[in-house]
2 protein chains.
Amino acid sequence: MLSKETLTKLFPDWEVGLYDAILNEAELKEAKAGTTLLKMGQNIKSAMLVVEGTIKLYQEDENGGEYFMYHLNPGEACAVTLVCNYHHEQSQVLAKAVTDIQYLAIPIEFMEKWLNEFKSWHYFVIKTYRSRYEELLKTINEIAFKNMDERLEFYILKYVKQFGTIVNLTHQDIAKDLNTSREVISRLLKKMEHNGWIIMNRNSFDWIKK
Amino acid sequence: MLSKETLTKLFPDWEVGLYDAILNEAELKEAKAGTTLLKMGQNIKSAMLVVEGTIKLYQEDENGGEYFMYHLNPGEACAVTLVCNYHHEQSQVLAKAVTDIQYLAIPIEFMEKWLNEFKSWHYFVIKTYRSRYEELLKTINEIAFKNMDERLEFYILKYVKQFGTIVNLTHQDIAKDLNTSREVISRLLKKMEHNGWIIMNRNSFDWIKK
DNA sequence: ATTTTAGTGTGATATATGTCACCCAATTAA
DNA sequence: TTAATTGGGTGACATATATCACACTAAAAT
């Protein structure tokens, strides 16, 4: 069950009334690792705040391509679901649970209301947009200017920062996230192994650079 | 001189006090077409609201590469300059005036203050972030999934939407914005000419597709 | 224990784009 | 008027990445 204490830890900057509003209106949901939480074009019916676990956010194209953009961690919210008007109701991103997760689902009709009622909610929304905007800028920088080897390193570093140096991903997983092919990733990882940046195992490798 | 009337037209959703605050605290500045208004890494000392003209926003990399992301028009604000805390003071984007422009410069010390004082400012900031976030998503979609011919078409369409079907850009201009080389753009435009999508002239072409 | 599947390695080749070299034509400067 | 500059066209080639084909091995399923 969700306690005010948990909320206080996750969202330390909120005002008291907002915790109550969450307790009254939000539903605490769970999802298994691997679940797709939000698809491109899907109608948004509730805002998503992460309580436990990690979510990965992707840009998705018409032909099933995906590009990984950033992680969402406990205390963070999915920006696109914080809809503050009724014009935008379609998701423009793909969201997947990477671990088992718990999240708060808040019906979007409260978004407008809470913006009026709670100053700390207002700040939270701005902070969320701002930080996600920055993540997107980094992503654009990578794709627009970097070759695949650098993008792969950047990708691995994001993983390592989240989960530690043992990278439990197959080459195919990585290839999908970077919208390239498995062979390309295999070859680049081999090169990293030669350079002494990683130690490779089946299904995983260890990032030991520096 | 800046009048309350002008402000009302540009920012119809604001509350009255906010217009007064702008009139008291903002400086109306001008810049010639081509001026760089904001560079990557530059300290942000004021928020930028467009009054007249058009600004182009770019992602910039260490080696001088640029990638065009979106336009800012009158009534719109540069999201990165709407700093609401003092941790982020470095610009992560490059902003250039494409036409002669007028803009409001608001010292960033008012950002925090106005968020507290004016509800309509708060909404304005959120709306700004939200719409820019969406632009970045589109940009990522283009770079991550599309070939240069499609990206060029998308680029031209953004121009056409802003300025009309006569595209007054050299191949070199376009190449720079898409972080590619002039020859590539020349060849793709030639192909579009063959397809009957454009009529080419020196220094410009006319987009006649459909 | 044997078969199947998933993960990986690697050569060969295709394609998109980047780079270089050079040309020509139009415009601008001298 | 002539020279210089800018914009554009195009072949040749380099490079990064995508794609195909196939082999090998560890793990999982039977």
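Numbers restart at 1 for each chain; the letters A, B, ... are given by sequence-line order, proteins then strands.
Spacing between atom CE of B:M192 and atom C1' of D:dG9 amounts to 17 Å, rounded to whole angstrom units. Rounded to whole Å, the distance from CG on A:L178 to P on D:dA16 is 18 Å. The distance from atom NE2 of B:H194 to atom C1' of D:dT10 is 12 Å, rounded to the nearest whole Å. Between the CE atom of B:M200 and the C1' atom of D:dG9 there is a distance of 9 Å, rounded to whole Å. The interatomic distance linking B:K191 (NZ) with C:dT15 (P) rounds to 13 Å, in whole Å. For the pair A:L189 CG and C:dT10 P, the computed distance is 13 Å after rounding to whole Å. Look at CZ on B:F145: it is 17 Å from P on D:dT17, rounded to the nearest Å. Protein atom CG of A:N201 is 17 Å distant from nucleotide atom P of D:dT25, rounded to whole Å.
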Check against ring pair (Phe, Tyr, Trp, His ring centres under 6.0 Å), B:F163 and B:Y159: CA-CA 6 Å; B:F163 304 112; B:Y159 183 98; 4.9 Å; yes

Using atom types as modelled, flag every donor-acceptor pair under 3.5 Å from a side chain in residues 203-210 of chain A to any protein atom, sequence neighbours excluded.
| unit_1 | atom_1 | unit_2 | atom_2 | d |
| --- | --- | --- | --- | --- |
| A:D206 | OD1 | A:T165 | OG1 | 3.0 |
| A:K209 | NZ | A:E153 | OE2 | 2.9 |

Please tabulate, for the side chains in residues 35-51 of chain A, all donor-acceptor contacts under 3.5 angstrom to protein atoms that are two or more places apart in sequence or on a different chain.
| unit_1 | atom_1 | unit_2 | atom_2 | d |
| --- | --- | --- | --- | --- |
| A:T35 | OG1 | A:K32 | N | 3.3 |
| A:T35 | OG1 | A:K32 | O | 2.5 |
| A:Q42 | OE1 | A:K39 | N | 3.0 |
| A:N43 | OD1 | A:Q90 | NE2 | 3.1 |

For residues 120-127 of chain B, tabulate all N or O donor-acceptor pairs below 3.5 Å that involve a side-chain atom, not counting sequence neighbours.
| unit_1 | atom_1 | unit_2 | atom_2 | d |
| --- | --- | --- | --- | --- |
| B:S120 | OG | B:E15 | N | 2.9 |
| B:S120 | OG | B:E15 | OE2 | 2.6 |
| B:H122 | ND1 | A:H122 | ND1 | 3.2 |
| B:H122 | ND1 | B:L115 | O | 3.3 |
| B:Y123 | OH | A:N116 | OD1 | 3.0 |

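The CD1 atom of B:I140 sits 14.0 Å away from the CD atom of A:E60 when rounded to the nearest 0.5 Å. To the nearest 0.5 Å, the span separating CE on B:M111 from CD1 on B:I106 amounts to 4.5 Å.
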Contact pattern, 5' to 3', of nucleotides 17-27 of chain C - B, S or - by protein heavy atom under 4.0 Å: SSBBB----BS

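Heavy-atom contacts from other residues, nucleotides or ligands closer than 6.0 Å to CD of A:E25 number more than 12. With a 6.0 Å radius and a threshold of 12 heavy atoms from other residues, nucleotides or ligands, A:K56 has its NZ atom above the threshold.
Ionic pairing of A:K138 and A:E134 is not present here: no N-O contact between side-chain nitrogen and carboxylate oxygen is shorter than 4.0 angstrom. By the 4.0 Å N-to-carboxylate-O rule, A:K96 lies close enough to A:E66 to be salt-bridged with it.
DNA chain D is contacted by no residue of residues 162-177 of chain A, taking any non-hydrogen atom closer than 4.0 Å.
Rounded to 10 degrees, the angle between the two end axes of the helix from C:dA1-D:dT30 to C:dA30-D:dT1 is 30°, with five pairs used at each end.
For D:dG8, neither phosphate oxygen OP1 nor OP2 lies less than 4.0 angstrom from any side-chain nitrogen or oxygen of B:K190.
Defined by atom type and a distance below 3.5 Å, a donor-acceptor pair is missing between the side-chain atoms of B:H71 and B:T54.
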